[in-house]
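Computed from a predicted model, the values in this text were never measured in an experiment. Counting convention: from 1, in listed order, for ligands and their atoms alike. Because only heavy atoms are used, hydrogens play no part in the values below, and waters and symmetry mates are left out as well, while side chains stay in. Numbers here are sequence positions counted from 1.
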Amino acid sequence: MNTETLNIIVNKTSNSKLASINWDDLPFGRIFSDHMFVMDYKDGKWENAEIKEFSDLKMSPATSILHYGQTFFEGMKASKTEDGEILMFRPEENAKRFNISAERMCMPEVPVPMFMEALKSLLDIDRNWVPQKSGYSLYIRPFMIAMDPYVGIRPSDTYKFIIFTCPVGAYYSEPVKVKIETHFSRAVEGGTGYAKAGGNYAGSLYPAMKGQEEGFRQLIWTDAKEHKYIEESGTMNVLFVIDGKIITPQSSDTILAGITRRSVVDIAIEWGYTVEERRVSVEEIVNAMKEGRMTEAFGAGTAATIAQISAIHHEGITYDLPAVEGRDFSNKVLDYLEQYKSGKVEDKFNWIVRL
Ligand SMILES: *Cc1c(COP(=O)(O)O)cnc(C)c1O
């Protein structure tokens with residue numbers, strides 16, 4: 001297999017949608033750029049690398065992905081500087097995690113250089129889709145699906161690797177009230193929680209809907225065995241500031257290793273904060289809230305970067321947290337990361353890839 005170059009065939013669309021986009025109204029994940037990257041896996045190798053018009057896929061109703069969910073995805077962002085340069089934030093980390101998911105889902109890897117070539121080529125062709133407005137960005141969705149038209153459970157022999165992109169507006173997430181979930185589970189030890197596997201998200205919808213019916217925007221997932229340890233908040237990693245220290249559950253096979261959380265932790269250490277990455281018990285969190293020692297709680301993920309948590313509910317009691325405006329660390333790190341991603345501060349961690 002040639003991993004040096006993909007020999008991508010480029011078929012540019014002759015009907016660009018660019019002129020029809022209302023750049024002041026970009027609902028998240030509903031507006032798609034002109035092109036997509038598609039590549040097929042067959043006979044043990046990747047072939048037919050192509051950039052073409054963003055368009056529907058054609059497949060047999062028997063296609064494996066439609067029945068058994070052999071699929072996983074990534075989510076990442078690019079932004080544009082005032083000089084028109086495109087900046088990607090730690091894209092190789094997404095490429096590596098893509099392959100961690102691939103292995104767990106019994107699917108073929110896409111070597112990191114191949115992934116990067118596909119990504120850069122697509123972004124280059126759709127440069128004009130990367131918004132330049134402050135806070136705006138291009139959301140990038142790479143994913144893989146099992147393509148065998150076969151109604152039997154086994155790993156597929158054929159796959160598609162696709163990347164498409166969406167221009168998105170500044171994502172401001174209202175502070176959310178969350179509930180510590182002590183019945184349903186998102187992930188179990190030995191399961192697929194550390195992979196961005198489609199089924200993980202399908203399985204989280206019902207518990208999340210139940211939580212919403214009780215008035216909580218999101219769930220804080222706990223370990224599936226005892227429901228005694230904090231794992232994640234919705235589809236974000238979760239961090240707390242208690243007694244001035246930053247405390248966050250360490251990555252494990254039930255917790256997705258988020259790139260945003262990793263970046264927040266690295267920045268915090270650089271800024272001189274004490275950071276504890278370890279098991280975090282529900283009891284510890286509840287006691288800290290009762291005693292007023294928890295000053296901040298927030299989710300971390302690519303879409304929102306930081307999503308503030310305004311209140312946490314546990315077994316019949318809702319604990320309100322201090323006002324968001326006064327949260328020193330999370331506001332500062334959000335501001336810094338947003339500036340970092342758009343190239344407004346020095347790239348001191350070497351996280352930016354330019355195009
Ligand atoms: C994607 C994701 C995250 C956040 O990862 P980032 O790399 O920061 O975007 C956290 N938890 C889950 C379950 C996720 O799917």
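The residue among Thr305, Thr235, Val238 with a heavy atom at the shortest distance from atom 10 (C) of ligand 1 is Thr235. Distances from atom 1 (C) of ligand 1 to the heavy atoms of Met236, Arg262, Lys196 put Lys196 nearest.
Using a cut-off of 4.0 Å between Lys/Arg side-chain N and Asp/Glu carboxylate O, Lys179 and Glu181 are scored as salt-bridged. A salt bridge does not link Glu74 with Lys196: none of the charged nitrogens is closer than 4.0 Å to a carboxylate oxygen. A salt bridge does not link Lys80 to Glu85: none of the charged nitrogens lies less than 4.0 Å from a carboxylate oxygen.
A donor and an acceptor atom, one from each side chain of Tyr41 and Glu47, are nowhere located under 3.5 Å apart. Residues Asp34 and Trp129 bring a donor and an acceptor atom of their side chains to less than 3.5 Å of each other.
Atom numbering of ligand 1 starts at 1 in the shown order; those under 4.0 Å from a heavy atom of Glu232 are 10 (C), 11 (N), 12 (C), 13 (C). Within ligand 1, counting atoms from 1 as listed, the ones closer than 4.0 Å to a heavy atom of Gly258 are 5 (O), 6 (P), 7 (O), 8 (O). Counting the atoms of ligand 1 from 1 in the order shown, those under 4.0 Å from a heavy atom of Arg186 are 13 (C).
Ranking protein heavy atoms by distance to atom 15 (O) of ligand 1, first place goes to Tyr201 OH, 2.4 Å.
Residue-level proximity to ligand 1 for Leu256 is carried by the side chain, the only part with a heavy atom below 4.0 angstrom.
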